[in-house]
2 protein chains.
Amino acid sequence: MTSQWEEFYVTHSTPADYEENKKKINDFCRNVSAERKIVLVTSGGTAIPLEHNTVRFVDNFSAGTRGSASAEYFLEMNYAVIFIYRLKSLEPFVRHFMGQEFLDMLDVRKEGDVTSVVVKNDCVSSVLPVLTRYKSAKEAGHLLCISFTSLSEYLWLLRAACECLASFGSRALLYLAAAVSDFYIPSNQMPVHKMQSEAGAPTISLQLVPKMLEPLVNLWVPHAYVVSFKLETDEGLLISKARGALAKYKHKMVIANILHTRKHRVVLVMPTTSSEIVLSSEEMEAGIEIESKIVAVLVKRHDFFRVEPI
Amino acid sequence: MTSQWEEFYVTHSTPADYEENKKKINDFCRNVSAERKIVLVTSGGTAIPLEHNTVRFVDNFSAGTRGSASAEYFLEMNYAVIFIYRLKSLEPFVRHFMGQEFLDMLDVRKEGDVTSVVVKNDCVSSVLPVLTRYKSAKEAGHLLCISFTSLSEYLWLLRAACECLASFGSRALLYLAAAVSDFYIPSNQMPVHKMQSEAGAPTISLQLVPKMLEPLVNLWVPHAYVVSFKLETDEGLLISKARGALAKYKHKMVIANILHTRKHRVVLVMPTTSSEIVLSSEEMEAGIEIESKIVAVLVKRHDFFRVEPI
């Protein structure tokens, strides 16, 4: 019998840029040196099209802050990073300069006949460290960024990345921070054209997305250290849902967080223990990001796991 | 009896930053000189929250290309521009430099003890004209950008802008390019917490959003030149729906376009005539944007309307 997750890949054809992206992932992985650890960071929300000619879609709230910040800290900890992110969500390094901020930092300078464009003096101290880290990661070939938009594109990329990561065994860490939709409309139940408002207000019937964590943990990357995320709005459900996921999928950790406090508090839930990471208000004022602490703990756990896999 | 549009503003409270944004719009309008025309450009899609503690929402496909490009061309035609856009959708000028492109353009330069960050020589020719136009618009106070996320935030901003624009009479043009949702879940019918997948796949019942074009044309800015947009995926419906909207709302023009051809073909539908704008493949290769042609026609129509209002 075909399982639900297999059924998904059978009924949803590969995205147009799938082969190209798969090649990028393969090439990237081949160039990671033998002593370096590797992490797959997924980030941002997945779009669920409501029509084949998509005008409308259901989306998940996610700016990509957690994923893009974490990717930077994994690079600092000498990981090779595959960053799979929702198009237009935050990207590592770039996230520090949004929209008009970038143009506002630039000045035109004329010296004789030569016109140049320079970053204003008072912005250099904020741009320089980020730019230096970005260039260093890029030149060393330690960062690969690939974008998706729809749920289906995300799930195809996830499997392609896992196929490459499998060969890294326990050197691979999966940090699944993307806000993946629980619900979708299967391809064969979607209308072709834009829904018309003259037809009255529609009712949208969603179906459950197969839980890909199950084949991922058991079949795709059985030796990797897999971390998933749980976002809730109701504190009462948080830890029990995280424990439920661990019991069901048998992975290593669930990072549990509440929508309104997620920037300064997370709970790392493991099969037998849990630990909380909280930023103090002094730390927040000093611009410390909670992702730096999450990644520091994870790197230790990952190293420990490699010595004593459980 | 309260109309549906009034009911919306009664049941959806003002967004947190409403007063601040209203003040920005007022201040901007007060500084527009007496001979200058003014345009409100709306851009990007509106998010429809599915939960009060919003994790999921329904969205409209729109990168904001039409609106952000048009805003630049209106500035070139000496309009003052209020640009109301979906957060993270494209912004005028900034749209030319996305994501990593920006960091890739920068170089670190060391001269003695002084470290500076400069735009690479081979990027100056593409950055300089955009930067010059951006700085000029900003310094002259001709461009105001304000962002929204949800449908409700958009509708509150739209009305606030119209309240200011009314005093401009026929000098005001409204270019309503935002992809506003036809459907939503009223605040009082929304669940508080994130929907749980354990409860099975949900059915989402949407309601029709009141058509704000009606009070906008008739009550809010009765003397302005109002242009709305119609995006369809089915060519057969396009012109009839555009004509239907003009007959119903009595505004001046509907710009009709098909999802897959919208970058090189639009139809300007007016009460008694219509005209098509098509980019040739040579024009597209030369980097000409269809918005430059749309805006050129609109500016003429607006001027003509001011002499002979109909």
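A note on names: the letters A, B, ... follow the listed sequences, proteins ahead of strands, and every chain is numbered from 1. Note that the coordinates shown come from a computational prediction; the quantities given were computed from them, not determined experimentally.
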Practice prompt. Sort Asp107(A) into side chain, backbone, both or neither according to what part of it lies under 4.5 angstrom from a heavy atom of chain B.
Written response: both
Worksheet entry | Heavy atoms of other groups near Gln4(A) CD, more than 12 under 6.0 Å | no
Worksheet item: Can you tell which of Val117(A), Val118(A), Leu231(A) has the highest number of heavy-atom pairs within less than 4.5 Å of chain B?
Response: Val117(A)
Discussion item. Is Leu87(A) in contact with chain B via its backbone, its side chain, both, or neither, using a 4.5 Å heavy-atom distance?
Written reply: neither
Discussion item. Can you pull out every ring pair (Phe, Tyr, Trp, His ring centres under 6.0 Å) where at least one residue sits in residues 125-146 of chain B? Sequence neighbours excluded, please.
Written reply: Phe93(B)-Tyr134(B)
Response to the item:
Ranked by heavy-atom pairs below 4.5 Å to chain B, first place among Asp104(A), Ile48(A), Thr149(A) goes to Asp104(A)
Worksheet entry | More than 12 heavy atoms of other groups within 6.0 Å of Asn121(B) CG | no
Worksheet item: Which bit of Ser62(B) comes within less than 4.5 Å of chain A, counting heavy atoms only: side chain, backbone, both or neither?
Response: neither
Fill in: Side chain, backbone, both or neither of Gln100(A) within contact of chain B (heavy atoms, under 4.5 Å)
both
Fill in: Under 4.5 Å from a heavy atom of chain A, the part of Cys123(B) involved
neither
Item to complete: Kindly check if the number of other-residue, nucleotide or ligand heavy atoms within 6.0 Å of NZ (Lys263(B)) is above 12?
Response: no
Fill in: Close contacts, residues 124-133 of chain A versus chain B, judged by heavy atoms under 4.5 Å
Val124(A), Val127(A), Leu128(A), Leu131(A)
Worksheet entry | Toward chain B, the part of Leu103(A) with a non-hydrogen atom under 4.5 Å | both
Practice prompt. Hey, could you give me the CG/CG distance between Asp59(A) and Leu50(B), rounded to the nearest 0.5 Å?
Written response: 10.0 Å
Response to the item:
When rounded to the nearest 0.5 Å, the distance separating CZ of Phe102(A) from CG of Leu106(B) is 6.5 Å
